[in-house]
Amino acid sequence: MSNKKLILSIAAGAAVLAGAAVIVARKRSQNKYRANVEEAKENFKSKLSQLQRKAKKEYQNSVSETESAVNSAKERAAEWVNKASRA
């Protein structure tokens with residue numbers, strides 16, 4: 001009888017250890033998942049920030065290019081008016 005109790009005790013201990021191992025493995029998996037999510041989140045924020053800076057720069061460049069084109073058009077229109085009034 002004592003052998004049966006010993007075997008049952010060992011089996012019960014092994015089952016408890018296996019359950020604990022499963023719980024620990026799940027926790028580690030969740031922590032890895034969280035770490036990956038945080039890394040992806042930071043990477044996305046960084047890329048979004050870079051894109052925002054580039055967009056602002058392009059906008060500023062386009063504004064100055066537009067002003068230049070408008071000024072050039074005004075000058076040409078003024079020249080045409082002057083030529084037309086001379087003729």
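Here, residue 1 is the first one in the sequence, and each next residue gets the next number. All values below were derived from every heavy atom in this structure, side-chain atoms included, with hydrogens, water molecules and symmetry-related copies excluded. Keep in mind it's a predicted model, so treat the numbers as computed, not measured.
Here the side chain of S29 pairs no donor or acceptor atom with the backbone of A25 at under 3.5 angstrom.
With sequence neighbours excluded, no residue satisfies side chain to side chain donor-acceptor pair (under 3.5 Å) with R28.
Atom CD of E39 sits about 13.5 Å away from atom NZ of K32, to the nearest 0.5 Å. We find the CD-CD distance between E38 and E42 to be 6.5 Å, quoted to the nearest 0.5 Å. The structure places CG of N36 at 11.0 Å from CG of N31, a figure rounded to the nearest 0.5 Å.
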For residues 50-60, dump all side-chain donor-acceptor pairs below 3.5 Å to protein atoms at least two apart in sequence or in another chain.
| unit_1 | atom_1 | unit_2 | atom_2 | d |
| --- | --- | --- | --- | --- |
| R53 | NH2 | S49 | OG | 3.4 |

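Here the rule is side-chain hydrogen bond (donor to acceptor under 3.5 Å, both in side chains) with S72, and of E75, K74, R76 only R76 fits it.
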